[in-house]
Amino acid sequence: MNAARDLPRLAAALAIGAFALLPTAGLPAFYDSFFYLVFFWVSLSTSWALLSGFAGYFSLGHAAFFGVGLYTTAVLAAKFDVPFLLTLPAAAILPALLAVVIGAIVFRLRRLRGELFALLTLAVTFVIATVVLNTPIDGGGGIFMSAVPLPSLMATPTGTLYLLAFVICVSTLAIAWKVSRSRLGMGLFAIHDDEDVAEAKGVPTFRYKLTAFALSAGIAGIVGGVHAMFVGFITVAGTFELTVPLYVVLMSVLGGSRSWFGPAIGATVITTLLYSFSSGDQAMIGRAVVGFILIAAILWLPDGAVPAIAKWLKPRRAASVRTGADVAPAATPARSIGDRNMLEVRGVTKRFGGLLALGGVDLDVREGEIVGLVGPNGSGKTTLINVISGHYPLSGGTIALDGVQIGALPAHDIAHRGVARTYQIPRPFANMTALENVVAAATFGGPVRKPAEIRDEALHWMAFTGLSGKEDVLPAGLNLHERKFLELARALAARPKLLLLDEVLSGLNPAEVDNAIRLVRAIRAQGATIVFVEHLMRAVVELSDRVAVLNEGKLFALGAPREVMRDPRVVSIYLGKAYAA
């Protein structure tokens, strides 16, 4: 028996069994109702976290999906005599479909992130409330649920509602747990930290966000469906109010919205405090205590209580004496350059409004070749890397990888086809450890493998780039050299056909540069084709088979490194005509 693994499972199973049988204990109905409210808020706050906590898309519109589910059950059961339990699937499906429709539009617009997304979801709540209020759905008179029969799942109506809320609560927590440990969850966490990088590493960000949004809305809807029977009388003012989004945000933030269990802790604490002080001055005391706890959590537990406790309980492992594996052999076997083109760039143009960043670039890169991309600042080098990797859409021209056109594909599809890149300024996923960063890149950018194989692959590339012993360190704990090589390890873990390096040597000292040069040669010896942007001319000359010079968005010169760098025209764009003469 593995105690660390099996004891928590046994404790969870016993707790689930005990809570499931609680209504049979003969306790006063007050306790059924109290626990119902705890389960209610746990389900809502956890469902909110699936999108807003995991993916970082902060929503203020949870009341909209809750309300749609509530009114779906109310209308079907009270007006069309549909049995109550049969209304619950519809109460989940309709909000999920609404979320998919909203997300299909909103998630395609990069500018609708952060506070704009929050305001948009809040506006959706007001729109839906207005529609419901001014149509026969409600009409302003509200809907009575007293005539709707409640199935006798337990001996009492409060016990039946308790059981339904408990089943939804356990199911919601199980979904959150599963998502947090799945490929979907890893992708959502990457989106939370840096959506553009996640897309470039192979995460299908649009599909993952839609999935999380639909799950979040569907759970909120079925919670609303059960709540319709609990409240008994449905009104627009009591349904589409700011209490729901406000409380779910506070509960999730208190417990830790990035944790699958955090919102449940926050919801339990806040609900217990609010309903322990339920009348008169006591109610004000309860709200004051909740406010104080939230202020303290924001000041001292910015990530929430559960992540803070987990960090505190995490065993302090002694720092590894080993500083890292040899990053590359001192000498690497030469690898012949193939006859076929790995990359074909034809007439590539990129405009940003009235600015022409790339003006018809043509470039071929043969299989196994290292091509250095140089030019003065603003010449279009990084822009070319960005359009090849799909970060920017093309304004004109074509790009082919291994004979297949990729210029019109989204960045995650390009990554799946074998293109990996680094960034001029390292952009690791800030809330993932170094190992988790590499595992994420290997999971989404490389071939499909088992989790254990992916982890082994990630550890291999961390050792290859000299990062052994740094597996559990967050990126903030790495120096610039290590963050640069973490970028490289992430790119290599995807097993790319084409590796795009954007100033991976900048900021390194001479010894680190020598090490990095050996590393790049070793990468090429293992089968990669490399295009790299660099200002360090020593590295360009030593590494490149050919050098391409960009100037003002156009290919200015192309050829052998020493010949190109001696070209008077190239010297003139770097140092001026006097030096060229």
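For this chain, numbers begin at 1 and follow the sequence in order.
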Peer 1: Is there a donor-acceptor pair under 3.5 Å between the side chain of Ser45 and the backbone N or O of Val248?
Peer 2: no

Peer 1: Roughly how far apart are Ile219 CD1 and Ile222 CD1, rounded to 0.5 Å?
Peer 2: 9.0 Å

Peer 1: Check this for me: does any side-chain nitrogen of one of Arg546 and Asp364 sit under 4.0 Å from a carboxylate oxygen of the other?
Peer 2: no

Peer 1: With a 3.5 Å cut-off and no angle check, do the side chains of Glu199 and Thr205 form a donor-acceptor pair?
Peer 2: yes

Peer 1: Salt bridge check, Asp194 against Lys201: does any charged N sit closer than 4.0 Å to a carboxylate O?
Peer 2: no

Peer 1: Quick test of your reading: applying side-chain hydrogen bond (donor to acceptor under 3.5 Å, both in side chains), list the pairs with at least one residue in residues 553-563, sequence neighbours left out, ordered by first then second residue.
Peer 2: none

Peer 1: Report, as yes or no, whether the 6.0 Å neighbourhood of atom CD on Gln424 holds more than 12 heavy atoms from other residues, nucleotides or ligands.
Peer 2: yes

Peer 1: Provide the closest heavy-atom pair for Val564 versus Leu558 in the form atom of the first, atom of the second, distance.
Peer 2: CG2-C, 3.9 Å

Peer 1: Under the 3.5 angstrom rule, does the side chain of Glu512 hit a backbone N or O of Asn509 as a donor-acceptor pair?
Peer 2: yes

Peer 1: After noting the C-alpha distance and the side-chain angles of Leu498 and Ile388, does the key distance pass the side-chain contact (heavy atoms from CB on, under 4.5 Å) rule?
Peer 2: CA-CA 10 Å; Leu498 177 66; Ile388 293 172; 4.2 Å; yes

Peer 1: Are Asp362 and Arg346 ion-paired here, with the side-chain N under 4.0 Å from a carboxylate O?
Peer 2: no

Peer 1: Is there a side-chain contact between Val438 and Leu486 (heavy atoms, below 4.5 Å)?
Peer 2: yes

Peer 1: NE2/His481 to OG1/Thr465 distance, rounded to the nearest 0.5 angstrom?
Peer 2: 8.5 Å

Peer 1: Quick one: do Phe117 and Val106 satisfy side-chain contact (heavy atoms from CB on, under 4.5 Å)? Show the steps, please.
Peer 2: CA-CA 8 Å; Phe117 180 80; Val106 173; 3.7 Å; yes

Peer 1: Please step through ring pair (Phe, Tyr, Trp, His ring centres under 6.0 Å) for the pair Phe464 and Phe485, ending with a clear verdict.
Peer 2: CA-CA 10 Å; Phe464 186 82; Phe485 277 24; 9.7 Å; no

Peer 1: Would you name the heavy atoms of Gly256 and Pro307 that are closest together and state the gap between them?
Peer 2: CA-CD, 4.0 Å

Peer 1: Do the non-hydrogen side-chain atoms of Ile406 and Leu409 ever get within less than 4.5 Å of each other?
Peer 2: yes

Peer 1: Is the backbone of Met342 close enough, under 3.5 Å, to the side chain of Asp402 for a donor and an acceptor to pair up by distance?
Peer 2: no

Peer 1: With a 6.0 Å cut-off (strictly less than), is the heavy-atom count around CG of Asn479, excluding the residue itself, greater than 12?
Peer 2: yes

Peer 1: For Ile425, I'd like to know if atom CD1 has over 12 heavy atoms of other residues, nucleotides or ligands within 6.0 Å.
Peer 2: no

Peer 1: Hey, is Glu542 close enough to Arg521 for a salt bridge, meaning N to O under 4.0 Å?
Peer 2: yes

Peer 1: Hey, are the side chains of Val549 and Val547 touching, using non-hydrogen atoms and a 4.5 Å cut-off?
Peer 2: yes

Peer 1: Tell me whether the centres of the aromatic rings in Tyr208 and Phe189 are closer together than 6.0 Å.
Peer 2: no

Peer 1: Are the side chain of Lys350 and the backbone of Pro393 linked by a donor-acceptor contact shorter than 3.5 Å?
Peer 2: yes

Peer 1: Assess whether a salt bridge exists between Asp303 and Arg258, defined as any Lys/Arg side-chain N lying under 4.0 Å from an Asp/Glu carboxylate O.
Peer 2: no

Peer 1: Is there a salt bridge (Lys or Arg N to Asp or Glu O under 4.0 Å) between Lys497 and Glu367 once you walk through the steps?
Peer 2: CA-CA 9 Å; Lys497 297 178 182 177; Glu367 183 182 17; over 6 Å; no

Peer 1: Counting C-beta onward and ignoring hydrogens, is there a side-chain heavy-atom pair between Phe532 and Val540 closer than 4.5 Å?
Peer 2: yes

Peer 1: Angle between ring planes, His412 versus His416, binned at 30° and 60°: parallel, tilted or perpendicular?
Peer 2: perpendicular

Peer 1: Considering only heavy atoms from C-beta outward, does the side chain of Val533 approach that of Leu501 to under 4.5 Å?
Peer 2: no

Peer 1: Is it true that the side chains of Glu344 and Asn341 contain a donor and an acceptor less than 3.5 Å apart?
Peer 2: yes

Peer 1: Should Asp545 and Arg524 count as an ion pair when the cut-off is N to O under 4.0 Å?
Peer 2: yes

Peer 1: Counting N and O atoms only, with roles assigned by atom type, does the side chain of Glu457 sit under 3.5 Å from a partner on the main chain of Ile454, one being a donor and the other an acceptor?
Peer 2: no

Peer 1: Within the distance-only criterion (no hydrogens, no angle test), does the side chain of Arg421 pair as donor or acceptor with the backbone N or O of Ala491 below 3.5 angstrom?
Peer 2: no

Peer 1: Using 0.5 Å steps for rounding, measure from the CG atom of Leu467 to the CG atom of Leu459.
Peer 2: 11.0 Å

Peer 1: Can you establish whether the number of heavy atoms outside Arg351 located under 6.0 Å from its atom CZ is more than 12?
Peer 2: no

Peer 1: Compare every heavy atom of Leu210 with every heavy atom of Ala99, then report the nearest pair and how far apart it is.
Peer 2: O-CD2, 4.4 Å

Peer 1: Looking at side-chain heavy atoms only, is the closest gap between Leu98 and Ile102 below 4.5 Å?
Peer 2: yes

Peer 1: Does any N or O in the side chain of Glu471 come within less than 3.5 Å of the main-chain N or O of Gly469, such that one atom is a donor and the other an acceptor?
Peer 2: yes

Peer 1: Could you walk me through whether Val348 and Val345 pass the side-chain contact (heavy atoms from CB on, under 4.5 Å) check?
Peer 2: CA-CA 6 Å; Val348 164; Val345 175; 3.2 Å; yes

Peer 1: Distance check, rounded to the nearest 0.5 Å: Leu543 atom CG versus Ile530 atom CD1?
Peer 2: 8.0 Å

Peer 1: Do Val374 and Val570 have side chains that approach each other closer than 4.5 Å (heavy atoms only, starting at C-beta)?
Peer 2: no

Peer 1: Distance from Trp461 atom CH2 to Leu435 atom CG, nearest 0.5 Å?
Peer 2: 15.0 Å

Peer 1: Check whether Ser216 reaches the backbone of Ala212 with its side chain - one donor and one acceptor, N or O, closer than 3.5 Å.
Peer 2: no

Peer 1: Go through the side-chain N and O atoms of His535 and Asn377 and say whether any donor and acceptor fall under 3.5 Å apart.
Peer 2: yes

Peer 1: The test is side-chain contact (heavy atoms from CB on, under 4.5 Å); show your working for Leu499 and Thr529 and say whether it passes.
Peer 2: CA-CA 6 Å; Leu499 180 60; Thr529 301; over 6 Å; no

Peer 1: Report the distance from atom CG of Asp196 to atom CG of Asn386, rounding to the nearest 0.5 Å.
Peer 2: 9.5 Å

Peer 1: With a 3.5 Å cut-off and no angle check, do the side chains of Lys484 and Ser506 form a donor-acceptor pair?
Peer 2: yes

Peer 1: I'd like to know if the side chain of Ser379 pairs up with that of Asn551 as donor and acceptor (distance under 3.5 Å, no hydrogens or angles considered).
Peer 2: no

Peer 1: Looking at Tyr423, does the NZ or CZ of Arg490 lie under 6.0 angstrom from its six-membered ring centre and within 45 degrees of the ring axis?
Peer 2: no

Peer 1: Would you check if Asp514 and Arg518 make a side-chain contact, meaning some heavy-atom pair closer than 4.5 Å?
Peer 2: yes

Peer 1: Could you name each residue pair satisfying ring pair (Phe, Tyr, Trp, His ring centres under 6.0 Å) that touches residues 369-390, not counting sequence neighbours?
Peer 2: none

Peer 1: Is a side-chain N or O of Thr349 found less than 3.5 angstrom from the main chain of Gly359, in a donor-acceptor match?
Peer 2: no

Peer 1: Less than 3.5 Å apart, which donor and acceptor atoms pair up between the side chains of residues 50-64 and the rest of the protein, not counting sequence neighbours?
Peer 2:
unit_1 : atom_1 : unit_2 : atom_2 : d
Ser52  : OG     : Trp48  : NE1    : 3.4
Ser52  : OG     : Tyr57  : O      : 2.8
Ser52  : OG     : Ser59  : N      : 3.1
Tyr57  : OH     : Glu195 : OE1    : 2.6
Tyr57  : OH     : Glu195 : OE2    : 3.4
Tyr57  : OH     : Lys209 : NZ     : 3.2
Ser59  : OG     : Gly61  : N      : 3.1
His62  : NE2    : Leu44  : O      : 3.4
His62  : NE2    : Ser47  : OG     : 2.8

